[in-house]
Each structure stands twice: as C-alpha cells, then as structure tokens.
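In this chain, numbering begins with 1 at the start of the sequence shown.
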Amino acid sequence: MKTEWDYTALADAYLKRPDYAQAAIDAMVAIAGVNAGDKVCDVGAGVAHLTLMLAAKEFDVIAVEPNDAMRANGVKRTAHFGNVAWHEGTGEHTGQADGAFSLVTFGSSFNVCDRQAALKETCRMLEPQGWFACMWNHRDLMDPIQTLIENTIKDMVPSYGYGTRREDQTAVIDASQLFGPVVHLDARVVHQQSVEECVEAWRSHATLERQAGNRFGAVVDAIERQLVNLGKPTIEIPYQTNIWMAQKR
C-alpha cells in the first residue's frame with residue numbers, strides 16, 4: 001500500500017528497536033478497562049513491537065500495517081499467537097468495521113498519519129466508550145551517550161528535528177472534539193544493546209533518514225564510530241515511554 005513514508009528498506013532494522021515500558025502498557029490497559037478476549041486494533045503495527053505486548057494480554061488483536069515488508073516481519077513474529085490477525089491498511093483507512101474495538105492503539109505511528117483523519121477513523125472503529133491511545137519511546141537526550149549521538153547528528157544535519165513524535169499530543173486530540181479528557185502516561189525503561197544492535201536500530205530511524213537524505217548512511221556510520229570509540233561491549237539506552245490516551249465521547 002502506497003504511503004508517504006516508505007519503510008521497506010528499514011523493515012529488518014526495525015526488529016532492533018526497543019519495546020515499550022511494560023508499566024506504561026499495563027497502566028494504559030487498566031485505564032481503558034480492556035479484558036482478555038476484547039477486540040483491540042493496533043494501527044501502524046510495523047514489526048509487532050506493541051502487537052506482541054497486546055497479544056500477550058490475550059486480547060483479540062487486529063494489526064493494521066500498510067508496508068508489506070514490515071507486515072511480513074510482524075506476521076512472522078506473532079505466528080505463535082492464535083489471537084492476532086494482520087491486515088493491510090493505514091491510520092486514515094484501516095478497512096475495519098464500525099464500532100468493533102474496545103481500544104485502538106498507534107505505536108510510534110500516529111506521527112506519520114494525517115492525525116485528524118486518523119482520529120476520525122479511530123472514532124468510527126471504536127465501540128461506545130472505547131479508547132484511543134498513541135505512544136512513542138523517547139530517548140533520554142540528557143544521557144551522556146545520547147548527547148554524544150545528538151551532537152553527531154546535528155553536526156552533519158544541522159536542521160535536524162524530531163517533528164511531531166516528540167510533541168504533546170493533547171491539543172491535537174482535543175481539536176478533534178471526538179474524545180474526552182486526554183490522559184498522559186509515562187514510564188522509564190532502559191534497554192541494553194550491543195554496539196552492533198544499537199547501530200542497526202539507527203538504520204531503522206525513518207525521521208533521520210528523511211531529513212539526512214543521501215547522507216543517511218554517513219550519519220549512521222559516524223554514530224557507529226562514536227559508539228565503537230566508547231570501548232564498551234554493551235550500551236545502556238534510557239527511554240521514556242510516553243502515551244496519550246482518551247475515551248470516545
């Protein structure tokens with residue numbers, strides 16, 4: 001399915017991206033009041049990072065993903081679950097039924113949608129009193145290693161910015177007038193990766209790829225050199241999982 005952001009070349013590297021903080025996901029599920037067997041739709045499911053966490057809670061999960069390569073990886077990773085089905089679709093056009101879901105999630109995908117169109121589509125899909133949730137993992141940029149990486153990127157791509165993925169989503173959700181008060185959740189999670197795994201995760205960074213253009217490979221190579229120079233076999237990477245969620249009016 002044709003989309004503005006093409007993740008085909010990044011699909012395998014995406015396997016090295018970090019999972020969300022379990023505490024944040026648990027809190028989201030508790031607030032939404034979703035129980036085993038309830039229908040949940042994970043939109044922009046990618047290679048199934050969030051889908052796997054939802055499936056483990058025994059929800060009936062529909063994973064919607066437009067990119068063939070990403071979806072193929074997701075299908076493979078969730079094959080041992082009998083409660084996950086995959087469909088081609090986008091945040092604006094999921095192809096799912098009206099009023100079918102208790103919870104609709106966007107794991108690191110809401111920022112690549114037309115957000116107002118995606119909120120309208122989500123509202124259509126939700127049952128009465130159902131919940132919307134969008135989330136991202138944000139690296140702690142104050143961590144010394146992450147500061148080093150940020151400086152490397154800014155030296156090579158001076159105009160680099162994170163766009164909407166680091167914004168507070170409250171105003172966007174409120175502007176739709178489709179949902180009640182926005183709840184913000186966050187929880188810290190620390191991932192430990194080898195240098196090789198960390199570099200591979202950077203090769204999946206679509207925001208950097210788009211802004212660096214033909215310098216993307218050179219930027220990732222520069223990050224790799226900086227990490228190798230640390231002389232550490234593994235690196236601790238602190239993240240904050242941020243979730244914004246709201247109930248359908």
Side-chain angles (χ1 to χ4, degrees), residues 1 3 5-22 24-25 40-57 59 61-91 105-113 134-140 145-146 149 153 162 165 187 189-210 212 216-217 219-221 223-224 226-228 232-243:
M1 178 172 283
T3 59
W5 291 52
D6 186 355
Y7 285 84
T8 301
L10 310 178
D12 288 343
Y14 243 82
L15 296 169
K16 299 298 184 182
R17 294 291 283 268
D19 291 328
Y20 300 101
Q22 187 67 56
I25 300 303
V40 174
C41 186
D42 188 23
V43 181
V47 300
H49 286 296
L50 178 57
T51 311
L52 284 165
M53 299 179 82
L54 297 171
K57 290 183 176 293
F59 304 141
V61 183
I62 299 295
V64 175
E65 169 56 44
N67 183 271
D68 291 346
M70 296 277 273
R71 193 169 61 254
N73 278 336
V75 168
K76 191 179 303 181
R77 295 182 77 203
T78 57
H80 59 292
F81 281 104
N83 56 325
V84 178
W86 286 80
H87 296 271
E88 184 177 14
T90 66
T105 60
F106 289 72
S108 302
S109 57
F110 193 50
N111 59 300
V112 298
C113 300
C134 61
M135 69 199 70
W136 293 266
N137 273 338
H138 295 155
R139 284 178 301 121
D140 180 358
I145 294 176
Q146 299 311 311
I149 291 173
I153 294 171
Y162 285 94
R165 64 175 287 115
V189 60
V190 177
H191 290 272
Q192 192 168 63
Q193 292 183 316
S194 67
V195 169
E196 181 181 11
E197 289 171 331
C198 186
V199 171
E200 187 67 9
W202 273 102
R203 297 192 193 283
S204 74
H205 206 297
T207 302
L208 178 58
E209 183 200 37
R210 282 169 64 94
F216 179 58
V219 174
V220 176
D221 288 344
I223 292 172
E224 181 174 20
Q226 294 280 15
L227 295 177
V228 169
K232 297 183 177 183
T234 59
I235 298 168
E236 286 193 345
I237 309 169
Y239 288 88
Q240 193 87 358
T241 296
N242 280 283
I243 300 177

When rounded to the nearest 0.5 Å, the distance separating CZ of Phe81 from CG of Leu52 is 6.0 Å
Any sub-3.5 Å donor-acceptor pair from Asp42's side-chain atoms to Ala45's backbone N or O? no
Minimum heavy-atom separation for Ala21 to Val189, with atom names? CB-CB, 3.8 Å
With rounding to the nearest 0.5 Å, note down the distance linking CG in Leu50 to CD1 in Ile25. 5.0 Å
Test log, rule side-chain contact (heavy atoms from CB on, under 4.5 Å), inputs Lys232 and Ile145: CA-CA 11 Å; Lys232 297 183 177 183; Ile145 294 176; 4.2 Å; yes
Has the side chain of Asn242 got a donor or acceptor atom that lies under 3.5 Å from a matching backbone atom of Trp136? no
When rounded to the nearest 0.5 angstrom, what is the spacing between SG in Cys198 and CD1 in Ile149? 5.0 Å
Taking Thr234 for the side chain and Gln192 for the main chain, is one N or O donor matched with an acceptor at less than 3.5 Å? no
Here the pair of heavy atoms bringing Thr90 nearest to Pro66 is CG2-CB, 3.9 Å
Rounded to the nearest 0.5 Å, the CD1 atom of Ile223 sits from the NE2 atom of His205 at a distance of 8.5 Å
Would a distance-only check, ignoring hydrogens and angles, find a side-chain to backbone donor-acceptor pair under 3.5 Å from Arg165 to Asn111? no
Look at the side chain of Arg77 and the backbone N and O of Val47, then say whether any donor-acceptor pair between them is shorter than 3.5 Å. yes
If you measure only the distance, is there a donor-acceptor pair under 3.5 Å linking the side chains of Trp86 and Thr51? no
Take Val84 and Leu54 through the side-chain contact (heavy atoms from CB on, under 4.5 Å) test and state the conclusion after the steps. CA-CA 9 Å; Val84 178; Leu54 297 171; over 6 Å; no
What pair of heavy atoms forms the shortest contact from Val219 to Ala212, and how long is it? CG2-CB, 4.3 Å
Under 3.5 Å, side chain of Asn67 to main-chain N/O of Gly46, donor-acceptor pair present? no
Angle class for the His191/Tyr239 ring planes (parallel below 30°, perpendicular above 60°, tilted otherwise)? perpendicular
Heavy atoms only: give me the nearest His49-Leu15 pair and the separation to one decimal. CE1-O, 3.9 Å
Derivation of the side-chain contact (heavy atoms from CB on, under 4.5 Å) call for Val199 and Val220: CA-CA 7 Å; Val199 171; Val220 176; 3.8 Å; yes
Do the side chains of Glu224 and Asp221 get nearer than 4.5 Å, heavy atoms only? yes
Looking at Ile235, is its backbone amide N or carbonyl O close enough to the side chain of Gln193 to form a donor-acceptor pair, meaning the two atoms are under 3.5 Å apart? no
Interatomic distance, Trp202 atom CH2 to Arg17 atom CZ [nearest 0.5 angstrom]: 8.5 Å
First locate atom NE2 of His138, then atom CD of Gln146, and finally report the distance between them rounded to the nearest 0.5 Å. 13.5 Å
If you look at every heavy atom in Gly91 and Cys113, which pair is closest and at what distance? CA-SG, 3.9 Å
For Tyr20 versus Ser108, what's the shortest heavy-atom pair and its separation? OH-OG, 2.7 Å
